[in-house]
A.B. asks: 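One structure, as structure tokens, below. Some questions next.
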Amino acid sequence: MTIDWANFTPWASLAGGMLIGLAAAMFILLNGRIAGISGIVGGLLRPAKGDVLWRVAFIAGLVLAPLLYQSAFTLPAVEVDASVAVLIAAGLLVGVGTRYGSGCTSGHGVCGLGRRSPRSLVATLAFMASGFLTVFIVRHLIS
Amino acid sequence: MNILSAFVVGLVFGFGLILSGMTDPSKVLGFLDIAGVWDPSLGLVMGGAILVSSVAFFFASKRTRAVLGEEMRIPTATQIDRRLVLGGLAFGAGWGLAGYCPGPAVASLFTGMVEPVIFVSAMLAGMGIYELHSRMTAGSARQ
């Protein structure tokens with residue numbers, strides 16, 4: 001294993017992670033809810049009375065974050081290598097998978113592991129293993 | 001108040017995603033590529049987030065109501081079943097293909113790039129497919 005020291009950003013990543021944790025902490029303590037993005041977004045496709053506005057508000061905050069961040073700091077560089085076809089396939093898999101498995105990196109990873117849920121640990125191990133394997137196949141076996 | 005709080009939490013969550021490097025798919029893939037030149041940054045994102053959220057979940061587990069008055073909605077499911085694992089595997093494959101998980105993709109929607117728009121559209125379609133499928137199977141189970 002070779003470490004990519006040039007791109008390693010330990011402090012920014014740790015601080016960013018702690019902000020994500022703070023958001024999850026605020027949401028459970030203030031609103032009594034799990035800050036799981038796939039669940040918050042997916043719940044909009046099953047609209048129920050009194051269950052829509054808070055989801056929209058959360059997503060509005062998430063979407064506005066880069067625009068506000070931009071007014072004070074420079075947004076970090078972003079690079080997407082995936083083609084349109086790959087983006088569509090990936091989006092479909094993420095959409096179906098997160099709803100079928102009841103969560104994503106935030107709901108199972110951050111919140112689930114934060115509350116020591118064995119269920120979330122299994123889900124997190126599954127998507128991490130699958131992510132590692134997929135990148136291995138794409139980068140080292142196919143290309 | 002709950003709506004305002006959800007908005008602020010979404011905002012903080014988004015700032016965390018940006019600062020941590022999660023909104024850059026090439027950085028995410030650099031973390032998932034353990035067989036290549038590996039960027040361990042995202043391990044620190046997860047660690048930092050769980051560190052903070054676990055403190056909040058410790059206190060949340062002792063409460064029946066959230067600070068703003070809503071009931072605590074901490075997931076109660078404990079079943080480790082096929083759908084949890086298969087869903088996780090599918091999500092991980094999509095994550096590994098494009099480098100986007102739901103949070104960073106949604107947060108990047110209005111940054112002027114087309115890739116997150118394509119990915120999120122496909123993700124919503126995937127979530128819609130899941131929704132239709134679960135309604136159909138629920139319908140046939142009732143008959």
Side-chain angles (χ1 to χ4, degrees), chain A residues 2 4 7 9 13-14 16-28 30 32-33 37-38 42 45 53-54 57-58 61-63 65-66 69 78-80 82 87-88 90-101 104-106 110 113-115 122-123 126-127 130-131 134-136, chain B residues 3 5-7 9-16 18-20 24-26 32-33 37 39 41 44-45 48-50 52-54 56-57 60 66-68 70 72-73 80 84-85 87-98 101-103 107 109 111 115 118-119 122-123 126-127 130-131:
Chain A
T2 325
D4 185 1
N7 288 311
T9 51
S13 287
L14 187 65
M18 291 177 86
L19 268 184
I20 295 171
L22 175 68
M26 288 167 70
F27 214 34
I28 194 65
L30 296 175
R33 290 187 184 274
I37 311 298
S38 58
L45 301 176
L53 211 54
W54 71 269
F58 184 100
L62 194 57
V63 160
Y69 191 95
V78 171
E79 191 189 325
V80 189
L87 284 168
I88 291 174
L92 285 170
L93 279 166
V94 170
V96 173
T98 52
R99 295 303 280 153
Y100 198 63
C104 59
T105 350
S106 47
V110 175
L113 295 187
R115 59 187 183 85
V122 171
F127 70 68
S130 176
T134 303
V135 172
F136 182 75
Chain B
I3 306 297
S5 162
F7 174 76
V9 170
L11 209 52
V12 175
F13 201 104
F15 289 148
I18 297 164
L19 184 61
S20 66
D24 179 11
S26 69
L32 291 176
D33 189 9
V37 187
D39 176 0
S41 305
L44 289 166
V45 182
I50 293 168
V52 177
S53 81
S54 60
F57 281 108
V67 173
L68 297 178
E70 293 267 313
M72 270 293 170
R73 290 185 177 84
I80 293 168
L84 180 78
V85 176
L89 291 176
F91 162 45
W95 191 33
L97 278 178
C101 55
L109 270 178
T111 52
E115 289 90 349
I118 297 171
F119 178 89
M123 183 180 88
M127 289 176 166
Y130 165 81
E131 209 57 54

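Each chain gets a letter, A, B and so on, in the order its sequence line appears, and its residues count up from 1. Any value given below was found using the heavy atoms of this structure, including those in side chains, with hydrogens, waters and symmetry copies removed.
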A.B. asks: Which atom names give the shortest non-hydrogen contact between A93(B) and T134(A), and what distance separates them?
C.D. replies: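 Minimum heavy-atom separation between A93(B) and T134(A): CA-OG1, 3.3 Å.
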A.B. asks: Would S38(A) and M127(B) count as a side-chain contact (heavy atoms from CB on, under 4.5 Å) if you check the C-alpha gap in whole Å, the side-chain angles of each, and the deciding distance to 0.1 Å?
C.D. replies: CA-CA 9 Å; S38(A) 58; M127(B) 289 176 166; 3.9 Å; yes
A.B. asks: Calculate, to the nearest 0.5 Å, the distance between atoms CG and CZ belonging to L68(B) and R33(A) respectively.
C.D. replies: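 It is 12.0 Å, given to the nearest 0.5 Å.
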A.B. asks: Closest heavy-atom contact between F91(B) and T105(A)?
C.D. replies: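 Heavy-atom minimum between the residues: CZ-OG1, 3.5 Å.
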A.B. asks: I need the minimum non-hydrogen distance between A90(B) and L93(A), along with the two atoms involved.
C.D. replies: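 That closest heavy-atom pairing would be O-CB, 3.6 Å.
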A.B. asks: Report the option among A90(A), S106(A), G101(A), A123(A) that has the most heavy-atom pairs separated by less than 4.5 Å from atoms of chain B.
C.D. replies: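 If we count pairs closer than 4.5 Å to chain B, A90(A) comes out on top.
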A.B. asks: Using a cut-off of under 4.5 Å on heavy-atom pairs, state which of V67(B), L84(B), L109(B) scores highest against chain A.
C.D. replies: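 Most heavy-atom pairs within the cutoff with chain A belong to L84(B).
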A.B. asks: What closest approach, in Å, do I3(B) and W54(A) show between heavy atoms, and which atom pair accounts for it?
C.D. replies: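 Shortest heavy-atom contact: CD1-N, 3.5 Å.
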A.B. asks: Hey, what's the ring geometry for F15(B) with Y69(A), parallel, tilted or perpendicular (30° and 60° as the breaks)?
C.D. replies: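 Rings of F15(B) and Y69(A): tilted, 30 to 60°.
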A.B. asks: Determine the minimum heavy-atom distance between A60(B) and I28(A), stating which atoms define it.
C.D. replies: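 In terms of heavy atoms, the two residues are closest at CB-CG1, 3.7 Å.
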A.B. asks: Give, for atom OG1 of T9(A) and atom CG of L44(B), the distance between the pair rounded to the nearest 0.5 Å.
C.D. replies: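 One gets 8.0 Å once the value is rounded to the nearest 0.5 Å.
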A.B. asks: What part of F136(A) lies closer than 4.5 angstrom to a heavy atom of chain B: side chain, backbone, both or neither?
C.D. replies: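 For F136(A), the contact with chain B is made by the side chain alone.
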A.B. asks: Is a side-chain donor or acceptor of S13(A) paired with a backbone partner of S20(B) at a separation under 3.5 angstrom?
C.D. replies: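 Yes, because the side chain of S13(A) sits within donor-acceptor range (under 3.5 Å) of the backbone of S20(B).
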A.B. asks: Select, from A49(B), G14(B), A66(B), A98(B), the one with the greatest count of heavy-atom pairs under 4.5 Å involving chain A.
C.D. replies: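 Greatest number of close heavy-atom pairs with chain A: A49(B).
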A.B. asks: Mind checking the CG-CZ spacing from L113(A) to F57(B)? Nearest 0.5 Å is all I need.
C.D. replies: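 Atom-to-atom, L113(A):CG and F57(B):CZ are 10.5 Å apart.
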A.B. asks: In terms of heavy-atom pairs under 4.5 Å with chain A, which of P25(B), G96(B), G103(B), A107(B) leads?
C.D. replies: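 Greatest number of close heavy-atom pairs with chain A: A107(B).
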A.B. asks: Return the option, out of S5(B), A56(B), G48(B), S41(B), with the maximum number of heavy-atom pairs under 4.5 Å with chain A.
C.D. replies: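 Of the options given, most contacts go to S41(B).
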A.B. asks: Within a strict 4.5 Å, meaning less than it, do heavy atoms of the E70(B) and L30(A) side chains meet?
C.D. replies: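 Side chain of E70(B) against side chain of L30(A), heavy atoms only: no contact under 4.5 Å found.
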A.B. asks: Given L19(A), which partner from the list V52(B), V45(B), V12(B) fulfils the side chain to side chain contact (heavy atoms under 4.5 Å, CB included) test?
C.D. replies: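 Looking at V52(B), V45(B), V12(B), the match for L19(A) under the side chain to side chain contact (heavy atoms under 4.5 Å, CB included) is V12(B).
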A.B. asks: Nearest 0.5 Å please: distance from the OG1 atom of T98(A) over to the OH atom of Y130(B).
C.D. replies: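 That separation rounds to 9.5 Å.
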A.B. asks: Tell me which of these, L97(B), T111(B), I18(B), I80(B), has more heavy-atom pairs under 4.5 Å with chain A than the rest.
C.D. replies: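 Sorted descending by pairs with chain A, the first entry is I18(B).
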A.B. asks: Heavy-atom distances under 4.5 Å only: say whether E115(B) touches chain A with side chain, backbone, both or neither.
C.D. replies: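 Both backbone and side chain of E115(B) come within 4.5 Å of chain A.
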A.B. asks: What are the two closest heavy atoms between V9(B) and A23(A), and how far apart are they?
C.D. replies: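 Shortest heavy-atom separation between V9(B) and A23(A) comes out as CG1-O, 3.3 Å.
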A.B. asks: Contact between V80(A) and F119(B) at the side-chain level, heavy atoms closer than 4.5 Å - yes or no?
C.D. replies: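 Heavy-atom side-chain distance check fails, nothing below 4.5 Å.
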A.B. asks: Of the listed residues (G42(A), P66(A), A24(A)), which shares the most heavy-atom pairs with chain B below a 4.5 Å separation?
C.D. replies: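 Among G42(A), P66(A), A24(A), the one with the most close pairs to chain B is P66(A).
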A.B. asks: How about C101(B) and F127(A): do any of their side-chain heavy atoms sit closer than 4.5 Å?
C.D. replies: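 Heavy-atom side-chain distance check fails, nothing below 4.5 Å.
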A.B. asks: Using a 4.5 angstrom heavy-atom cutoff, name the option from D33(B), V85(B), I118(B) with the most pairs to chain A.
C.D. replies: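 Maximum pair count with chain A is reached by D33(B).
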